Structures are given as structure tokens and as C-alpha cells.
Amino acid sequence: MVTEDDIINQYGKRYTKGQYIFREGDHGEEMFIIHTGKVNITKRTDEGEKILVTLGPGDFFGEMAVIDKGPRSASAIAAEDTVCIVLDEDLFEQQMQRNAKIVKKILKNMSARLRAMNEQLQNLTTKDYNMRVVNALLIHVNKNGDNSPLPLQTLIEQTGMEDYKDKLHEILSSMEKAKVVTISGDTIIVSSSANIEKYKHYLEMKKVFGES
Ligand code: CMP
């Protein structure tokens, strides 16, 4: 019987924290499944390298270039010491042809990605900064669970508030007073999705009925 250790020995690759697994624009013939650790998917912008998403154990990446033969659409960097299972093109196609569940999982994952991008796009076009922050925190806590830490820099990037950092600090400190987040240095601990939803409702009511 093939054990998990056999698979890691045969297909596992180790990456140290900060190491590029591949770079945006590279030619790519492999896809990756995270066994342990975390990977940042990043993209170059006019304002530098931005994190699109942080992936963890069980998540996969690098399938796009294998499927459409185009260049890597983003870079992948180990956010901590990481072990990935690496499938080359032949193995990946073999698995897809043999196993409808894998195809379904990839389609589900791509749909979720598109949905998240649509939400993010909508959020980035709202002029209401309170709502931008609340929605970004909601997306984070729904994906990562209650009390999950979020680096301040990631929040700045996800809300597009690079030029409004004072405003962001003001919003976060109101949220801290309302006990929906805790700020510890450069990390925000998001209490719970239920609390953020309540806070969002409170902001919506405030908009309808005014401040006083
Ligand atoms: P590929 O284009 O081969 O290399 C970069 C990988 O990053 C890509 O495949 C996807 O697996 C992943 N990726 C690209 N854009 C996103 C996104 N917006 N959200 C999550 N993952 C992404």
C-alpha cells in the first residue's frame, strides 16, 4: 500500500521561508499541493509586489499554467518553511483523466477564486472606507476562522488603503474599542465572523439613521 510518507518521499519538495517556488511570467509545467506550511501568491503592481492570497495545507496552486500552457499568472513564495507535493504535467493530466473528483475540486476552487475576486473588486470600488475594512475582515475570518491573525500590511493591500493609513488606524481603533478586533503590534486578530457581521450591521444602521 502506498503511504503518505511514500508520496512525500517521491513527490515532496521543501522550500524555506521566503524562497520563490516560481515567479510570475515563468514557463510552468508543474502544479503544487501544499502538504505543510504556507505559500503567498503574489503579483507585481506599480506599487510593488502584492499578496493576492495566502494558501495553507491542502490548498493547491500552479494549475493554471499547466492547464492553459500560458506563463505563470503570479509568483508563489514560501511564507514559512513549506513542503509541497509537486505534480508534473503528465501526472497531473493522468490524475485529471482518472479522477472526476479532482476535476470537480479544481473547478470548485477556481469558482471560489473568481467569486473572491469579484467581491474584492466590488469592495475596492466603494468609497466607504469603513465598509472596505469590514468586508476585508469578513472575507479573512470566513476563510481562516475565528480569532485568526491578519498582518496589517495584508489588510492595507486588500483594502487599497496605502495612501489612507491614518484613516485605517482610526477605523481599526474604533473596532478595537467595540471589541471586534484586537491589535497586537502589526497583527490584527479578528474575533469572529458573527461579531464582524454585527459591526457591519451597526455601520449600515448608522448610515441610515445618522450619527446621533
Ligand atoms: P499559475 O498561473 O500556474 O501560477 C500562479 C498561480 O497562482 C496560478 O497558477 C494559480 O494557481 C494561483 N493564483 C493566481 N491568481 C490567483 C488568485 N487571484 N487567487 C488565488 N490563487 C491564484
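FYI, side chains are in, hydrogens and waters are out, and symmetry mates aren't considered; it's all heavy atoms of this structure. Both counts, for ligands and for their atoms, begin at 1 and track the order of listing. Predicted, not measured: the structure shown is a model, and the values here were computed from it.
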TODO: Mind jotting down which residue pairs meet the ring-ring contact (aromatic ring centres under 6.0 Å, His included) criterion with at least one end in residues 147-172? Sequence neighbours excluded, please.
DONE: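 Applying ring-ring contact (aromatic ring centres under 6.0 Å, His included) to every pair that reaches into residues 147-172, excluding sequence neighbours, yields Tyr129-Tyr164.
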Task: Qualifying residues under side-chain hydrogen bond (donor to acceptor under 3.5 Å, both in side chains), relative to Lys200, sequence neighbours excluded - done: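 Applying side-chain hydrogen bond (donor to acceptor under 3.5 Å, both in side chains) to Lys200 gives Asn135.
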TODO: Would you mind reporting whether Tyr11 and Phe32 have side-chain heavy atoms less than 4.5 Å apart?
DONE: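 The answer is no; the side chains never approach within 4.5 Å.
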Open item on the list: Would you say Ile51 ends up clustered with Leu150 if hydrophobic residues are merged whenever their side chains have heavy atoms under 4.5 Å apart, either directly or through other cluster members?
Closed with: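 Unlinked, Leu150 and Ile51 end up in two clusters.
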Task: Considering all heavy atoms, the nearest Glu30-Asp88 contact - done: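 So the minimum-distance heavy-atom pair works out to CG-CA, 4.1 Å.
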Task: Set of residues that line ligand 1, where lining means a heavy atom lies under 4.0 Å from it - done: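 For ligand 1, the contacting residues are Phe22, Ile41, Leu52, Val53, Phe61, Gly62, Glu63, Met64, Ala65, Arg72, Ser73, Ala74, Arg113, Met117.
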Task: Partner set under ring-ring contact (aromatic ring centres under 6.0 Å, His included) for Tyr199, not counting sequence neighbours - done: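 So Tyr199 forms a ring-ring contact (aromatic ring centres under 6.0 Å, His included) with Tyr202.
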